[in-house]
Every structure is written in C-alpha cells, then in structure tokens.
Q: 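Structure provided below as structure tokens; questions to follow.
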Amino acid sequence: MKIAVLTSGGDAPGMNAAVRAVVRKGIFNNCEVFGVREGFRGILTEDFIPMQLGSVADVIQRGGTILRTARCEEFKTPAGMDKAIANLRRREIDAVIVIGGDGSIRGAQALNDRGILAVAVPGTIDNDIAATEVTIGFDTAVNTACNAIDKIRDTAASHQRLFIIELMGRNSGAIALAAGLAAGAESIIVPELPYDLDEVSRRLEGSRRRGKLHSIILVAEGVASAYEIAAELKKRTNQDNRVIVLGHLQRGGSPTAFDRILASRMASEAVDLVLAGKGGRLVVVQNGRYTHVDISSALAQKAVFDSEAFELAKILSI
Ligand code: F6P
C-alpha cells in the first residue's frame, strides 16, 4: 500500500511525532510512505518525498513540522480538488493521512468523498475539535502559556501591576482556561461565555483593598484584542496596566511527553484505519480511549466549554 502523510493549517507541537509514527508504523506494515510538503498545496505541486525509517530520526522532540505546512485556498476549489485527485491517482497513492485542525480535517473528508481513502488526525493547539477530548499540541501550548504567565507574574508582583495577556485559540477559550487555571490568573475572559468588565474591575478593586496589588487577566483572542480590554479596564479602574500578546510563541517549542505520546498513538491508529480500508474517519480520544469517528458527524458537533473548570478558576483565584 502507498500512504501519503501531510501536515496542514497552523503547526502544532507533536506533529513531527505523528509523522514519525505514520512513517514507522507504515513501513513496519510493509507500506511505502510518502511525505507531502506544505500540506494540501504539496499535492497540487507534487511535492512528494519518499520517507524511510531514517527520514524521521531525531524529530520526536522537535516542534513545528518537518513536512512544513500551509493554508491552501486552491485546494478548496473544484479545479484544485480535481488536480489533487489526479496527482494522487497518477502516483498510485492509496491513502492519505492528514494531520491538522478543522479545515484540514475537512480537506481529508473532501479527498475521501472523491474516492481517495483519507483519514484525519487532529493536530491543533486550539483544542477545538468537539469529538476528541484533546488535540495534538494543546498540552504543549498550555504549558508554554503557563510558563510565560508565571514569568510575567514575577514582574507583575514586583511592580504591583495589572497585566492583560492575550492567548491564542481562534474562537476557542480552551488554552486561556487551561493556562489560567494552571497559573492562577485572577480573571479569564473567553469567547464561549459573556463577560462583564465592570465585574472584572470590581474584582480587581476588591483584591487591592485586601492588599493584593498585582493581577493577571487572560483574554482569549476570540473575544477581543487585549489592548482594547486594557483600555476599557484603565477607564474603569484608573490602574496602570501592561499588555502582552503571547501569539505564535504558543505554537512553537518541543512537545511535552503528553503530546508526543498522544501523537504517536493517534497516528498509529490512523495507519490501522487505512490498512483496514476505513476512510473518512477522524482519530479521537474519548473517555481516555483512542478510537475514531466519522469525519462529517465529528465536524457537525459543537465544542462544549468546560464551565465547571471555569467556575473553579474563578473561585480559586479570588
Ligand atoms: O489554529 C491555530 C492558530 O494558532 C490559532 O490559535 C490562531 O488564531 C491562528 O492559528 C493563527 O494563524 P496564523 O498563524 O495564520 O496567523
């Protein structure tokens, strides 16, 4: 069997561990494995590289993706799709394993619908794929954000300052919530829940009265710019503040052991699926178990925000 593997969309720590597992598990099962460079674009430009066991040596600990990634608009057009299918057929590729977020998972579905066996592995720091408890890269991003917040807290405490920190996540507050709970942020503002800056200000003033002179407020990027929130808080509290946008820092770095294991297990499951001829599936973790679901039903599911964790963060950060 000839299997192609690609990483697409925003990179996520652990993608290399997933590519490594596809290559090694595929070769273990007597498959030929090809890496496609720069996501779906590489199918269109025919950027296929034969992968050997050694092609993925020393990559398990590396952030980013050795196959590189891209967001490809042409692939989404009917002409682009036809070209992709033709290129895969000409090379006699039997199956494609796509590692990426929701757009990439949709791309896998599109290939599968057009007759190329395709399976998706959820790789995104955003943890916004409802069908799986966790996506590859989320744990590392949360740890990176938590470390950054810890550092900012040192200087916030020394200067008795208020810091507003903007975190990634697109439309999801998952990174902000997890990092906020882990780092004891005084307030967390996420797109999933309404927020009230008057209430945030009252909490800040209450803390100051009790003698707590520094605070950290996390804002998920899907809510608003941290600069806007900072300006609004300044008006309400008259307290000086500083803004930090953590940005792409959250996408880089060596994956945590958790992400390496998750990526290896999910990718191994994906190879099993293509060997069994099961396409249109998304590998997921549900109730702590590695399994797979139909891509179309997975993408129709709406992510459930962990309100319990949010309430706990609020109680504990008082
Ligand atoms: O999906 C991952 C992510 O990092 C989001 O959190 C963020 O909104 C987006 O990608 C940023 O995309 P880009 O790297 O294209 O600016």
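Whatever order the structure lists them in is the order used to number ligands and atoms, beginning at 1. For this chain, numbers begin at 1 and follow the sequence in order.
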Q: How are the rings of F75 and F40 set to each other: parallel, tilted or perpendicular (split at 30° and 60°)?
A: parallel

Q: For each nitrogen or oxygen atom of ligand 1, which protein N/O atoms lie closer than 3.5 Å, and how far apart are they, rounded to 0.1 Å?
A:
residue: ligand 1; atom: 1 (O); partner: D126; partner atom: OD2; Å: 2.7
residue: ligand 1; atom: 1 (O); partner: R170; partner atom: NH2; Å: 3.3
residue: ligand 1; atom: 4 (O); partner: R251; partner atom: NH1; Å: 2.7
residue: ligand 1; atom: 6 (O); partner: D126; partner atom: OD1; Å: 2.7
residue: ligand 1; atom: 6 (O); partner: G169; partner atom: N; Å: 3.1
residue: ligand 1; atom: 6 (O); partner: E221; partner atom: OE2; Å: 3.3
residue: ligand 1; atom: 8 (O); partner: E221; partner atom: OE2; Å: 2.5
residue: ligand 1; atom: 10 (O); partner: R71; partner atom: NH2; Å: 3.3
residue: ligand 1; atom: 10 (O); partner: R170; partner atom: NH2; Å: 3.4
residue: ligand 1; atom: 10 (O); partner: R251; partner atom: NH1; Å: 3.1
residue: ligand 1; atom: 12 (O); partner: R71; partner atom: NH2; Å: 3.0
residue: ligand 1; atom: 14 (O); partner: H248; partner atom: NE2; Å: 2.8
residue: ligand 1; atom: 14 (O); partner: R251; partner atom: NH1; Å: 2.9
residue: ligand 1; atom: 14 (O); partner: R251; partner atom: NH2; Å: 3.0
residue: ligand 1; atom: 15 (O); partner: R71; partner atom: NE; Å: 3.3
residue: ligand 1; atom: 15 (O); partner: R71; partner atom: NH2; Å: 3.3
residue: ligand 1; atom: 16 (O); partner: H248; partner atom: NE2; Å: 3.3

Q: Flag yes if more than 12 heavy atoms outside D196 fall under 6.0 Å of its CG atom; otherwise flag no.
A: yes

Q: Do T256 and N143 have a side chain donor and acceptor closer than 3.5 Å?
A: no

Q: Does I85 have any side-chain contact (heavy atoms from CB on, under 4.5 Å) partners at least two apart in sequence or in another chain, and if so, which?
A: R89, L111, R114, I116

Q: Which pairs, with at least one residue in residues 295-306 and sequence neighbours excluded, count as a side chain to side chain donor-acceptor pair (under 3.5 Å)?
A: D294-S296

Q: Sequence neighbours excluded, which residues qualify as side-chain contact (heavy atoms from CB on, under 4.5 Å) partners of T144?
A: T140, L249

